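First the structure, in the form of structure tokens, and then the observations on it.
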Amino acid sequence: MAYECILTRVEAERVGVIQLNRPKALNALNDQLMDELGAALKAFDADEAIGCIVLTGSEKAFAAGADITMMAKYSFADAYKGDYITRNWETIRSIRKPVIAAVSGYALGGGCELAMMCDFIIAADNARFGQPEIKLGVIPGAGGTQRLPRAVGKSKAMDMALTARMMDAQEAERAGLVSRIVALDKLMEETLAAAITISGFSQIAVMAAKESVNRAFEGTLSDGVMFERRLFHSLFATQDQKEGMDAFVNKRQAKFTHQ
Ligand code: CAA
């Protein structure tokens with residue numbers, strides 16, 4: 001499929017990179033971009049040669065939110081019946097391989113929500129996060145009111161959703177929204193290094209770890225712990241478990257075959 005709003009490439013061994021590419025609109029997320037993003041994510045997820053996916057934007061903007069020009073003309077009936085703006089947003093949740101958001105510049109509204117749908121966020125020191133939808137007479141519509149409190153707690157989430165103020169990278173790291181901050185000119189290098197590390201591990205174990213951590217946000221602690229235990233036990237059926245443990249015992253580097 002030829003894309004117009006995103007760029008895709010296999011940048012390093014077993015790492016698929018998706019770059020949002022509407023620079024003139026600060027990567028505003030229109031339906032075409034979201035359709036293309038969904039297709040690209042599914043293609044990398046299905047590709048045996050890919051072990052980890054990186055989602056990034058430009059230096060100035062990861063994404064400045066849903067496309068306001070597109071949304072401005074919608075009626076309630078358009079938005080509800082057509083499921084415009086937010087259709088396809090949950091595709092990212094169905095991706096089973098890890099997706100890392102490499103965020104520089106603005107991650108606002110749907111841009112912040114998209115970053116939060118990724119498995120973790122590595123932020124450049126110029127990153128700014130916010131949910132400014134209230135200024136437009138609406139509220140976050142792609143999970144912001146649900147994922148932000150889980151990431152940063154109620155008080156900061158309310159502050160951001162109600163006042164529309166932005167958080168800089170330092171505050172976002174302190175609050176637990178991002179996993180680490182790196183210098184802007186090192187953002188891709190550091191993110192690719194993390195992605196290469198992940199894609200070198202057993203893909204089955206990586207997928208199981210992702211599935212199990214995500215389970216922490218659904219249901220009870222005891223259900224989650226039981227889910228984790230069952231997955232943990234099942235990994236003893238893989239060749240990668242034999243290889244990983246044998247390599248440790250014999251003091252050599254493991255070579256995973258993802259079987
Ligand atoms: N939608 C459409 N176009 C956008 C956009 C958006 N979300 N954000 C920026 N742009 C466009 C601007 O209209 C401008 O286009 P023109 O050059 O054609 O005028 C171009 O990108 C550059 O933007 P600015 O001139 O505004 O750049 P700036 O550096 O002065 O400001 C900014 C940057 C603070 C990010 C500002 O652009 C801004 O506030 N953008 C809107 C942010 C926002 O409200 N996001 C939430 C959207 S609603 C949402 O996301 C709903 C949801 O939950 C799903």
Side-chain angles (χ1 to χ4, degrees), residues 3-7 18-38 41 55-95 99 101-118 121 123-152 154 156-172 177-178 184 187:
Y3 300 124
E4 291 176 0
C5 302
I6 61 170
L7 302 169
I18 303 174
Q19 183 170 11
L20 307 178
N21 189 37
R22 296 187 68 211
K24 287 190 184 139
L26 301 185
N27 292 332
L29 305 163
N30 61 11
D31 285 337
Q32 184 184 350
L33 184 150
M34 291 309 296
D35 287 344
E36 292 181 8
L37 176 59
L41 285 165
L55 179 59
T56 195
S58 67
E59 281 193 9
K60 183 166 181 191
F62 177 73
D67 192 315
I68 301 167
T69 320
M70 172 190 77
M71 285 186 292
K73 58 183 183 299
Y74 289 156
S75 65
F76 165 76
D78 292 331
Y80 188 80
K81 281 196 296 184
D83 198 16
Y84 293 128
I85 314 153
T86 50
R87 75 155 189 261
N88 220 353
W89 280 78
E90 297 296 313
T91 302
I92 193 164
R93 289 186 66 202
S94 67
I95 302 304
V99 184
V103 174
S104 45
Y106 296 110
L108 301 178
C112 185
E113 292 167 301
L114 181 60
M116 287 191 290
M117 281 184 220
C118 296
I121 302 172
D125 48 19
N126 75 337
R128 303 190 76 191
F129 299 86
Q131 297 292 162
E133 290 90 341
I134 200 84
K135 286 173 32 182
L136 302 170
V138 292
I139 66 170
T145 64
Q146 304 305 301
R147 290 195 180 92
L148 194 58
R150 283 169 168 80
V152 305
K154 175 181 166 183
K156 266 190 199 293
M158 283 287 190
D159 185 0
M160 289 173 75
L162 296 178
T163 69
R165 83 171 174 88
M166 293 185 212
M167 240 188 222
D168 64 18
Q170 283 69 26
E171 184 179 2
L177 180 61
V178 311
L184 174 59
L187 178 65

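Quantities reported herein were computed from a predicted structural model and do not represent experimental measurements. Order of appearance sets the numbers: ligands from 1, and atoms from 1 within every ligand.
Thr56 has its side chain out of reach of Ile18: every pair of non-hydrogen atoms, C-beta onward, lies at least 4.5 Å apart.
Pairs passing the side-chain hydrogen bond (donor to acceptor under 3.5 Å, both in side chains) check and including a residue from residues 126-135, sequence neighbours excluded, read Gln131-Glu133. For residues 66-76, the set of pairs meeting the salt bridge (Lys or Arg N to Asp or Glu O under 4.0 Å) definition, not counting sequence neighbours, comprises Arg22-Asp67.
Using a 4.0 Å heavy-atom criterion, the residues that approach ligand 1 are Lys24, Ala25, Leu26, Ala28, Lys60, Ala64, Gly65, Ala66, Asp67, Ile68, Thr69, Met71, Tyr106, Leu108, Gly109, Gly110, Glu113, Pro132, Glu133, Leu136, Pro140, Gly141, Ala142.
Around CD of Gln170, the count of heavy atoms belonging to other residues, nucleotides or ligands within 6.0 Å exceeds 12.
The distance from the CG atom of Asp125 to the CG atom of Leu184 is 6.0 Å, given to the nearest 0.5 Å.
Legend: residues meeting ring pair (Phe, Tyr, Trp, His ring centres under 6.0 Å) with Tyr3, ordered by chain and number and at least two apart, are absent.
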